[in-house]
Amino acid sequence: MKKTIITVVGKDTVGIIANICTYLAQNNVNILDISQTIIQEYFNMMMIVDMQKSEKGFDVLAEELEQVGANMGVIVKLQREEIFDKMHRI
C-alpha cells in the first residue's frame, strides 16, 4: 500500500471536497480516512489515501492536486506517509 497524506487549507467555498474527491476517483486513488473542519470561514481537511492503483506518480499527483486547489483558492499538499510520520513524531 502506498499511503499518502493530503492536506487542504483555505477559505471555505462550495465544492472543495467534491472537487478533490472527484480528482482522486478519476486517478484511482482510494480514500482510506478523511477528516475536515471549518473554523469560522476557514476550511481544513486531512486525508489518508492509497495511491497503489494510480497510474500517475507521486510528483504528478501532487502537482495536479495543487492546481485543483489553486483553481478553488485553497492550498493542497501531498506528503508521503513515512515523511509525515517522521515530521510529527514526538
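Because the structure is predicted, anything quoted here is derived from the model rather than measured.
Ile48 contributes atom CD1, which lies 4.5 Å from atom CD1 of Ile5 (distance to the nearest 0.5 angstrom). Atom CE in Met51 sits 9.5 Å away from atom CG in Asn27 (nearest 0.5 Å). Taken from OG1 in Thr37 to CD1 in Ile39, the straight-line distance is 4.5 Å, to the nearest 0.5 Å. A distance of 10.5 Å separates CG in Asn44 from CD1 in Ile16, rounded to the nearest 0.5 Å. Note that NZ of Lys11 is 4.0 Å distant from CD of Glu41, once rounded to the nearest 0.5 Å.
Residue Gln36 comes nearest to Ile38 through the heavy atom pair OE1-CG1, 3.9 Å, listed as atom of the first residue, atom of the second, then distance. In terms of heavy-atom proximity, Val29 sits nearest to Ser54 at CG2-CB, 4.0 Å.
Residues Val9 and Phe43 have side chains not in contact (no heavy-atom distance under 4.5 Å, counting atoms from C-beta outward). At a threshold of 4.5 Å between non-hydrogen side-chain atoms, the residues Ile34 and Met45 count as touching. Proximity of Thr4 to Gln79: side-chain heavy atoms (C-beta onward) are nowhere separated by under 4.5 Å. In this structure, the side chains of Met47 and Cys21 come closer than 4.5 Å at one or more pairs of heavy atoms. Considering only heavy atoms from C-beta on, Val76 stays 4.5 Å or farther from Thr7 through its side chain. At least one side-chain heavy atom of Leu24 sits less than 4.5 Å from a side-chain heavy atom of Ile31.
Glu55 CD: 12 or fewer foreign heavy atoms inside a 6.0 Å radius.
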For residues 58-73, dump all side-chain donor-acceptor pairs below 3.5 Å to protein atoms at least two apart in sequence or in another chain.
residue: Glu64; atom: OE1; partner: Tyr23; partner atom: OH; Å: 2.6
residue: Glu64; atom: OE1; partner: Lys56; partner atom: NZ; Å: 2.6
residue: Glu64; atom: OE2; partner: Lys56; partner atom: NZ; Å: 3.3
residue: Gln67; atom: NE2; partner: Asn71; partner atom: OD1; Å: 2.9
residue: Asn71; atom: ND2; partner: Gln67; partner atom: O; Å: 3.4

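For the pair Asp50 (side chain) and Lys3 (backbone), a donor-acceptor distance under 3.5 Å is absent.
Side-chain heavy atoms closer than 4.5 Å link hydrophobic residues (I, L, V, M, F, W, Y) into clusters, and following such links, even through other members, never connects Tyr42 to Met46.
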